[in-house]
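Structure, as structure tokens:
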Amino acid sequence: MRLFLLTCLTMTAFAANSLLNRLAVESGGSDPGSFAALRVFAGAVTLAMLVRMRGRRLPLWSSRRMIGAGALSLYMVGFSTAYLTLDAGLGALILFGVVQITMFAVTSATGAPPAARQLAGAGIAFGGLVYILWPAGAVQVDPVGAVLMALAGVGWAAYTLAGRAEADALAGTGANFVVALPVTGAAILILGGSWGMTPIGTGLAILSGAVTSGLGYALWYSVLPRLTASVAATVQLSVPVIAIIGGVLLLGETVGLRLILGTVLVLGGIALAISRRHPG
């Protein structure tokens with residue numbers, strides 16, 4: 001039960017990131033690149049302080065850092081820049097679709113293939129997500145945006161898989177953020193980003209970086225060793241649904257039959273994927 005509650009809390013933190021990003025960008029409080037850069041900076045500062053308060057050092061030169069920090073940078077840059085040209089719903093489908101494919105492929109290639117039940121559950125959950133998020137009317141996909149979001153999906157899958165071997169979740173996450181900061185900032189500038197934030201946008205980015213990203217990612221790293229890679233991949237399909245429900249509760253967005261039916265499919269698929277067979 002404790003693992004279940006911690007996993008739910010982590011998914012809620014991920015969904016909160018989406019809401020904070022939307023609030024900042026859609027209100028004109030920040031552009032996506034500035035939000036991402038300040039988000040990584042706030043996460044790096046917060047986690048570094050917490051690690052120092054515990055009397056520990058950041059493992060900046062660990063062999064895992066190139067994978068963890070590199071994957072985090074790839075995710076942050078791809079995610080932030082893709083949404084400049086990509087519909088939000090379609091972007092989420094590309095992101096989570098690529099995450100699923102990458103994680104299932106890697107686990108299969110390393111000798112731990114998912115069970116048929118887990119594959120079926122992931123398929124049902126992703127089908128529910130498609131039903132909820134598929135854009136209305138004609139679908140127009142910007143190729144550059146789609147590629148960037150696919151790269152973000154690969155980055156997040158690699159970041160998640162790397163976390164399964166992290167000995168100290170808080171210190172490892174902090175080191176990832178510190179090392180990823182200059183890479184993320186430089187990449188956003190190269191891709192044409194510019195600095196533009198209001199005080200409200202700045203506050204939302206700091207909240208996202210310090211709490212729902214920094215602490216949320218550290219919590220994710222703490223639960224990952226107790227989840228199979230297949231389950232870790234599937235439970236993340238709940239994040240867009242939680243974000244939509246949060247939009248209904250906090251932003252006054254409407255609830256439709258499509259959302260209700262899609263949510264049932266997503267949660268039912270996740271339940272199937274994480275369930276265990278009991279001998280009869």
Side-chain angles (χ1 to χ4, degrees), residues 11-44 46 72-96 98-99 129 132-136 139-153 155-156 177 180-181 183-217 236 239-254:
M11 297 304 105
T12 302
F14 291 171
N17 272 327
S18 176
L19 288 173
L20 292 170
N21 198 321
R22 283 179 53 196
L23 281 171
V25 174
E26 293 180 5
S27 68
S30 174
D31 62 88
S34 299
F35 188 93
L38 185 54
R39 176 182 171 188
V40 177
F41 175 78
T46 301
L72 180 61
S73 298
L74 182 61
Y75 165 70
M76 288 288 187
V77 174
F79 182 86
S80 300
T81 53
Y83 273 133
L84 294 174
T85 57
L86 210 60
D87 175 84
L90 189 58
L93 290 179
I94 294 173
L95 174 68
F96 286 97
V98 171
V99 168
L129 202 59
I132 295 172
L133 297 177
W134 192 259
V139 178
Q140 296 183 342
V141 182
D142 177 74
V144 176
V147 169
L148 288 169
M149 190 58 80
L151 291 174
W156 183 253
F177 269 76
L181 179 58
V183 179
T184 302
I188 289 174
L189 287 175
I190 291 171
L191 291 172
S194 59
W195 186 262
M197 304 190 78
T198 66
I200 292 177
T202 300
L204 292 172
I206 292 174
L207 177 61
S208 175
V211 181
T212 56
S213 291
L215 298 181
Y217 290 11
Q236 293 182 80
V239 173
V241 175
I242 297 172
I244 293 172
I245 294 173
V248 171
L249 297 175
L250 302 176
L251 306 180
E253 297 175 350
T254 58

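Below, all heavy atoms of this structure are taken into account, side chains as well, without hydrogens, waters or symmetry copies.
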(request) Mind checking side chain to side chain donor-acceptor pair (under 3.5 Å) for Tyr217 and listing every partner two or more places apart, or none if nothing turns up? (result) Arg39
Listed pairs under 3.5 Å, donor-acceptor, residues 14-21 side chains, sequence neighbours left out:
| from | atom 1 | to | atom 2 | distance (Å) |
| --- | --- | --- | --- | --- |
| Asn17 | OD1 | Ser208 | OG | 2.7 |
| Asn17 | OD1 | Thr212 | OG1 | 2.5 |
| Asn17 | OD1 | Ser213 | OG | 3.0 |
| Asn17 | ND2 | Thr212 | O | 3.1 |
| Asn17 | ND2 | Ser213 | OG | 3.2 |

(message) Applying side chain to side chain contact (heavy atoms under 4.5 Å, CB included) to Ile244 and Leu133, what does each step give before you reach the verdict?
(response) CA-CA 10 Å; Ile244 293 172; Leu133 297 177; 3.6 Å; yes
(message) Does any part of the side chain of Leu129, heavy atoms only, come nearer than 4.5 Å to the side chain of Pro240, both counted from C-beta?
(response) yes
(request) Would you give the length of the straight line joining atom CG of Leu207 to atom CG of Leu23, rounded to the nearest 0.5 angstrom? (result) 10.0 Å
(message) Minimum heavy-atom separation for Gly201 and Ala24, please, with both atom names.
(response) CA-CB, 4.4 Å
(request) Rounded to the nearest 0.5 Å, what's the gap from CZ on Phe177 to CE on Met76? Could you check? (result) 4.5 Å
(request) For residues Ala210 and Ala42, report the shortest heavy-atom separation together with the two atoms involved. (result) N-CB, 3.9 Å
(request) Starting at CE of Met197, measure out to OG of Ser30 and round the result to the nearest 0.5 Å. (result) 3.5 Å
(request) Hey, could you give me the CE/CD1 distance between Met11 and Ile242, rounded to the nearest 0.5 Å? (result) 7.5 Å
(request) Mind listing the closest non-hydrogen atom pair of Ala150 and Ile94 along with its distance? (result) N-CG2, 3.8 Å
(message) Pair Leu151, Tyr75 - check side chain to side chain contact (heavy atoms under 4.5 Å, CB included), show working.
(response) CA-CA 7 Å; Leu151 291 174; Tyr75 165 70; over 6 Å; no
(message) Any heavy-atom pair between the side chains of Val25 and Asp31 that's under 4.5 Å?
(response) no
(message) Quick check: closest heavy atoms across Ala36 and Ser80, and the distance to 0.1 Å?
(response) CB-OG, 2.9 Å
(request) Answer whether the closest heavy-atom distance between the side chains of Val239 and Phe96 falls below 4.5 Å. (result) yes
(message) Can you give me the closest heavy-atom contact between Ala82 and Gly145, atom names plus distance?
(response) CB-O, 3.4 Å
(request) Name all residues meeting the side-chain contact (heavy atoms from CB on, under 4.5 Å) criterion together with Val144; count only those two or more places apart in sequence or in a different chain, and write none if there are none. (result) Asp142, Leu148
(message) With rounding to the nearest 0.5 angstrom, report the CG to OG distance, Leu181 to Ser73.
(response) 8.5 Å
(request) Taking the side chain as every heavy atom from C-beta outward, state whether Ile206 and Phe41 have any atom pair closer than 4.5 Å. (result) no
